[in-house]
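Data block below; observations after.
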Amino acid sequence: MADLALTPVGAPAVTPSPARRRERITATSVGLRTAAIAYVGILVLLPLALLVYRTFQPGLTEFFNALSDPYAVHAFQVTAVVAGSALAIDTVFGVAVAILLARYRFPGRRLLSAFIDLPVAVSPIVVGLALLLVYGPTGWFGPYLESHGVMVIAAKPGMVLATAFVALPLVARAVVPVLEQAGLEQEQAAASLGANAYTRFVRITLPTIRAALAYGVVLTVARCIGEYGAVLVVSGNIQGTTETAALRVGNLIETDLNNNAAYAVAFVLVVIAVAAILIGAFIRRRKRI
Amino acid sequence: MTAQLDEAPVADASGAGVASTRSTKVKKGLPLGSASASSLGVIVLWMSLLVLLPLAAVLGKAFGSGWHGFTAAVTQPATASAIKLTVVLAVLVAIVNCVMGTLVAWVLVRERFRGSSLLEFVIDIPFALPTIVAGLVMLALYGGDHPFGPYLVGTRTGLFVTLLFVTLPFTVRTVQPVLLDLDRDAEQAAASLGASAPSVFRRIVLPQVLPAMASGAALSFARALGEYGSIVLISSNLPFKTEIASSIIYGKLQDADHPARSTQQAAAIAAILLLASAIVLVILDLLQRRVARRG
């Protein structure tokens with residue numbers, strides 16, 4: 001309404017503005033652009049380019065040798081298993097939480113919404129410590145679980161827990177706004193026509209959230225593959241057993257003093273991260289259309 | 001932290017088109033049925049097992065031997081110095097991000113140029129990189145392997161630059177959607193009345209962007225406070241110099257001689273970090289409600 005009222009006044013005023021803006025491009029803009037590009041370039045692009053250079057400086061043979069090392073192969077396998085399990089857990093959890101938060105009203109709703117965000121604000125090392133105190137050998141549930149043959153700490157279950165913890169809200173936070181935008185009408189119409197909960201989920205909810213869900217999943221994958229601190233504490237960091245690809249990068253630098261191999265493993269992780277960004281950007285752009 | 005990052009583009013994407021006209025914000029919502037009530041039950045149980053009980057265990061351990069045990073643990077000289085360093089670094093990082101993040105967001109929104117989509121892409125890299133890889137990326141430039149680039153291993157400058165690297169996207173991504181949504185009529189009106197560009201920015205743009213800047217700064221602060229993976233390679237963990245709170249916690253957990261006492265001390269430091277994160281979350285929530293009220 002305000003726009004309508006302003007239009008007649010605004011229309012003549014708009015005409016000189018492109019000229020003025022073009023004028024500004026020559027003056028302040030150059031400075032602003034240069035500052036932004038220089039800051040991001042020096043902070044991110046330059047060291048990243050050096051990492052790529054350092055990866056391939058020793059030659060392709062050494063690069064592939066480093067990646068086909070049995071410990072490296074095993075580390076990538078562990079990463080795939082742990083990240084895959086955590087992703088499955090977080091996706092199911094995220095969609096369920098998003099549906100509850102967006103569609104239902106219940107006591108404690110605000111509290112649940114606040115607690116969902118908690119994991120991203122907690123230091124990864126503290127996450128590891130927290131899980132250790134509950135599921136570790138001297139923790140609250142650790143001894144009981146151990147006596148029933150379930151090893152959580154220094155084994156894959158603990159690593160999955162730690163990974164699921166740090167990536168917990170990503171799917172829910174991507175899906176909630178879309179569900180809130182969509183509203184309840186379609187859902188209620190389908191229910192009034194006799195569709196059961198499963199049909200409504202598959203035919204209405206899932207198509208609505210598809211793009212947002214895909215985006216949340218991409219973010220979760222990126223986060224799960226790279227988790228270091230939390231997994232470091234709970235895994236015990238045992239080479240060939242609980243060593244993930246991210247842990248291997250650290251171990252190669254700090255204990256093996258084999259920087260070339262570390263750069264090779266890290267390069268693979270960089271490629272995965274870049275792919276995740278590109279896929280995420282692609283999803284976002286398609287959704288906009 | 002990422003949560004806030006994602007929310008913006010998603011909401012923006014769906015709100016940009018026709019959707020905004022029929023945006024029926026669910027204000028009343030449905031009452032819980034039996035299916036939704038049981039899924040709520042499962043969610044709460046899982047949250048408790050995964051998040052709430054473990055965090056409660058940290059607090060329980062930290063204060064398990066009373067207030068005295070807690071203060072004794074966090075006032076050990078090396079620990080106190082590390083906590084102080086961590087907080088100071090996090091504050092500095094938040095301030096720099098406030099300025100530089102807003103500048104980069106401004107350039108992305110208002111100064112589109114050839115190659116700005118590349119800039120947009122590069123912004124996201126620190127966020128998607130595994131933290132240990134981010135540390136290695138920093139080491140590639142500042143590790144002294146090559147003729148150029150200062151040697152920053154084991155220095156506080158090294159920690160600071162690394163933290164700037166990993167927190168780069170936060171302010172950019174919180175300020176950017178607000179700048180995109182900004183109504184330019186007021187700016188044009190002010191300019192046509194003779195206000196200079198800096199004064200238009202200070203009087204009209206800044207007040208509207210300030211909550212987003214603050215929430216970006218809060219996210220950067222929280223991230224910098226708990227950062228570990230990217231720091232570990234460049235810090236060398238020198239006590240009283242480059243040792244940060246997270247490294248102290250990890251170091252305590254590796255202590256095999258007095259595991260019980262060390263764990264209690266680790267939990268005490270962790271409790272301080274948790275408290276700081278909780279405060280930041282509350283501030284963020286308040287800021288976001290303020291932004292939401294402005295519509």
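Each chain gets a letter, A, B and so on, in the order its sequence line appears, and its residues count up from 1.
Residue contact with chain B, scored on non-hydrogen atoms closer than 4.5 Å, is absent for A/Ala197. Using a 4.5 Å cut-off between heavy atoms, B/Val166 makes no contact with chain A at all. Of the atoms belonging to A/Tyr53, not a single heavy atom falls under 4.5 Å from chain B. Contact of A/Phe267 with chain B is not made at all, since no heavy-atom distance falls under 4.5 Å. Both the backbone and the side chain of B/Leu139 come within less than 4.5 Å of a heavy atom of chain A. Neither the backbone nor the side chain of A/Leu247 comes within less than 4.5 Å of any heavy atom of chain B. B/Leu253 touches chain A through its side chain: at least one heavy atom from C-beta onward sits under 4.5 Å away, while N, CA, C and O do not. Looking at A/Arg248, neither its backbone nor its side chain comes within 4.5 Å of chain B, counting heavy atoms on both sides. The contact between A/Leu132 and chain B is made entirely by side chain atoms (from C-beta outward), counting heavy-atom distances below 4.5 Å. Only the side chain of A/Gln188 has a heavy atom closer than 4.5 Å to any heavy atom of chain B. For B/Leu225, no part lies under 4.5 angstrom from a heavy atom of chain A. Contact annotation for A/Ala246: both backbone and side-chain heavy atoms come within less than 4.5 Å of a heavy atom of chain B.
Contacts with chain A were tallied for B/Val51, B/Leu119, B/Leu273; B/Val51 has the most, counting heavy-atom pairs under 4.5 Å. Listed options A/Val40, A/Ile37, A/Val92 were ranked by heavy-atom pairs under 4.5 angstrom with chain B; first place goes to A/Val40. When the candidates B/Ile269, B/Val42, B/Val280, B/Leu49 are compared by the number of heavy-atom contacts under 4.5 Å with chain A, B/Leu49 comes out ahead. With respect to chain B, the highest number of heavy-atom pairs below 4.5 Å among A/Ile89, A/Leu51, A/Ile125 belongs to A/Ile125. In terms of heavy-atom pairs under 4.5 Å with chain A, the best-connected choice from B/Val133, B/Leu108, B/Val161 is B/Val133. Between chain A and the options B/Ala276, B/Ser246, B/Ser230, B/Pro54, the largest number of non-hydrogen pairs under 4.5 Å is found for B/Pro54. Heavy-atom pairs under 4.5 Å with chain B were tallied for A/Ala172, A/Pro47, A/Gly280; the largest tally goes to A/Pro47. Ranking A/Gly128, A/Ala245, A/Ala36 against chain B, the residue ahead of the rest is A/Ala36, based on heavy-atom pairs under 4.5 Å. Contact count against chain B (heavy-atom pairs under 4.5 Å) is highest for A/Ala266 among A/Ala266, A/Ala222, A/Ala276.
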Evaluate the criterion side chain to side chain contact (heavy atoms under 4.5 Å, CB included) for residue pair A/Leu118 and B/Leu55; output intermediate values, then yes/no. CA-CA 10 Å; A/Leu118 197 57; B/Leu55 293 184; 3.5 Å; yes
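Under the 4.5 Å side-chain criterion, counting only non-hydrogen atoms from C-beta, A/Ile277 is not in contact with B/Phe127. When side chains are defined from C-beta on, A/Leu232 does not count as touching B/Ile132, because their heavy atoms never get closer than 4.5 Å. The closest side-chain heavy-atom distance from B/Trp46 to A/Val97 is not below 4.5 Å. Contact annotation: the side chain of A/Leu100 approaches that of B/Leu32 to within less than 4.5 Å [non-hydrogen atoms, C-beta and beyond]. Here the side chains of A/Phe115 and B/Leu52 are in contact, with some heavy-atom distance below 4.5 Å. Between A/Tyr228 and B/Val232, some side-chain heavy-atom pair lies under the 4.5 Å cut-off. Using a 4.5 Å heavy-atom cutoff, the side chains of A/Ile116 and B/Met47 are in contact. Under the 4.5 Å side-chain criterion, counting only non-hydrogen atoms from C-beta, B/Leu129 is not in contact with A/Leu269.
Rounding to the nearest 0.5 Å gives a distance of 5.0 Å between CG of B/Leu30 and CG of A/Leu184. Rounded to the nearest 0.5 angstrom, A/Arg33 CZ and B/Arg110 CZ are separated by 13.5 Å. Put simply, CG on B/Leu53 and CH2 on A/Trp140 are 6.0 Å apart, with the number rounded to the nearest 0.5 Å. The CG atom of A/Leu101 lies 9.0 Å from the CG atom of B/Leu40; values are rounded to the nearest 0.5 Å. Atom CG in A/Asn259 sits 9.0 Å away from atom CG in B/Leu233 (nearest 0.5 Å).
The heavy-atom pair separating B/Phe165 from A/Leu43 by the smallest distance is CD1-O, 3.2 Å. Heavy-atom minimum distance, A/Leu133 versus B/Val58: CD1-CA, 3.6 Å. Looking at every heavy atom in both residues, A/Pro124 comes nearest to B/Gly226 through CD-O, 3.4 Å. Looking at every heavy atom in both residues, B/Ala57 comes nearest to A/Val134 through CB-CG2, 3.7 Å. Residues B/Ala267 and A/Leu129 share a closest heavy-atom pair of CA-CD2, 3.7 Å. Summarising the geometry of A/Ala35 relative to B/Leu103, their closest heavy-atom pair is CB-CD2, 4.0 Å, with the distance given to 0.1 Å.
When each of B/Ile123, B/Leu164, B/Val122 is tested with A/Val44 by the rule side-chain contact (heavy atoms from CB on, under 4.5 Å), just one qualifies, namely B/Val122.
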